[in-house]
Amino acid sequence: MNRENTLTVLPAVDMVKVQRALNEIKISHTKSVASIMETAELLHQYKLSEEWYKISELLDQENIMKDSVQKYYIGIAQNPILMNSEYWHQLPPFYNNLYQLSSHVRSLHQERPYRR
């Protein structure tokens, strides 16, 4: 028989189960973003303290968070749009992507209109 004439019958889908799965994944995803944002805010707050140098150094030395990653998180925390929890469900759960977004949004705000 020719493949072009073959029909594939898919099993019935329980949409209640599908919706439950979507909700669980969405909640988990939002928790991931919230965790990144909480860490970003903590680093940003501690960066303002007198102890920041030692905190940062030990985070790196104890392999908790490398210095470069700390800078990413602090960059995220400095972006008020990304730190607004209203948008977290739309954000990627990866600090490097969030940092790139924060840098992009920051550069858009710094651009000045062209003048002749």
Side-chain angles (χ1 to χ4, degrees):
M1 188 171 184
N2 190 339
R3 282 187 162 246
E4 294 175 14
N5 297 330
T6 304
L7 292 175
T8 303
V9 178
L10 298 175
V13 175
D14 183 343
M15 288 308 291
V16 172
K17 288 182 179 178
V18 169
Q19 194 58 50
R20 185 179 315 127
L22 290 175
N23 288 336
E24 287 176 0
I25 293 166
K26 180 180 177 182
I27 289 167
S28 179
H29 171 83
T30 303
K31 285 180 188 177
S32 297
V33 173
S35 175
I36 292 169
M37 298 309 194
E38 179 184 356
T39 304
E41 182 61 32
L42 284 170
L43 287 168
H44 186 259
Q45 288 174 5
Y46 284 120
K47 187 175 189 289
L48 303 175
S49 74
E50 294 176 6
E51 297 81 20
W52 173 245
Y53 173 76
K54 193 63 176 175
I55 293 168
S56 176
E57 178 182 62
L58 288 174
L59 285 170
D60 189 46
Q61 284 178 358
E62 295 181 14
N63 292 319
I64 297 169
M65 185 179 293
K66 295 293 179 196
D67 183 58
S68 59
V69 176
Q70 294 173 38
K71 290 175 183 173
Y72 275 29
Y73 274 85
I74 292 166
I76 292 166
Q78 293 172 336
N79 188 302
I81 296 169
L82 291 182
M83 294 305 292
N84 184 339
S85 61
E86 185 178 323
Y87 305 115
W88 291 357
H89 68 281
Q90 299 173 1
L91 296 174
F94 307 105
Y95 73 86
N96 52 347
N97 295 102
L98 291 168
Y99 176 74
Q100 295 302 322
L101 282 171
S102 72
S103 299
H104 181 68
V105 171
R106 208 173 9 256
S107 69
L108 288 175
H109 285 284
Q110 291 173 352
E111 287 180 6
R112 299 206 168 125
Y114 177 73
R115 292 185 184 171
R116 288 187 148 192

Where Ile76 and Tyr95 come nearest, the two heavy atoms and their spacing:
CD1-O, 3.5 Å

Calculate, to the nearest 0.5 Å, the distance between atoms CD1 and CH2 belonging to Ile74 and Trp52 respectively.
4.0 Å

Hey, what do you get for CD (Glu24) to CD (Gln19), rounding to the nearest 0.5 Å?
11.0 Å

How long is the span from the NZ atom in Lys54 to the OG atom in Ser49, to the nearest 0.5 Å?
13.5 Å

In this structure, CH2 of Trp88 is separated from CG of Leu98 (nearest 0.5 Å) by 10.5 Å

Name the one of Tyr72, Tyr73, Phe94 that satisfies ring pair (Phe, Tyr, Trp, His ring centres under 6.0 Å) with Tyr99?
Tyr72

Do you know which two heavy atoms are closest between Ile81 and Asn79, and how far apart they sit?
N-OD1, 3.0 Å

Tell me which donor-acceptor pairs under 3.5 Å the side chains of residues 31-44 have, and how far apart each pair is, sequence neighbours excluded?
from: Ser32; atom 1: OG; to: Ser28; atom 2: O; distance (Å): 3.3
from: Thr39; atom 1: OG1; to: Ser35; atom 2: O; distance (Å): 2.9
from: Glu41; atom 1: OE2; to: Gln45; atom 2: NE2; distance (Å): 3.1

Going only through I, L, V, M, F, W and Y residues with side-chain contacts under 4.5 Å, is there a path from Val69 to Ile64?
yes

Per the salt bridge (charged side-chain N to carboxylate O under 4.0 Å, His left out) rule, what does the pair list look like for residues 74-83, sequence neighbours excluded?
none

So, the side chain of Gln70 versus the backbone of Met65: is there a donor-acceptor pair under 3.5 Å, distance only?
yes

Residues passing the side chain to side chain contact (heavy atoms under 4.5 Å, CB included) test with Val13, sequence neighbours excluded, are Met15, Val18

CG of Asp67 to CD of Gln61, rounded to nearest 0.5 Å, is 11.0 Å

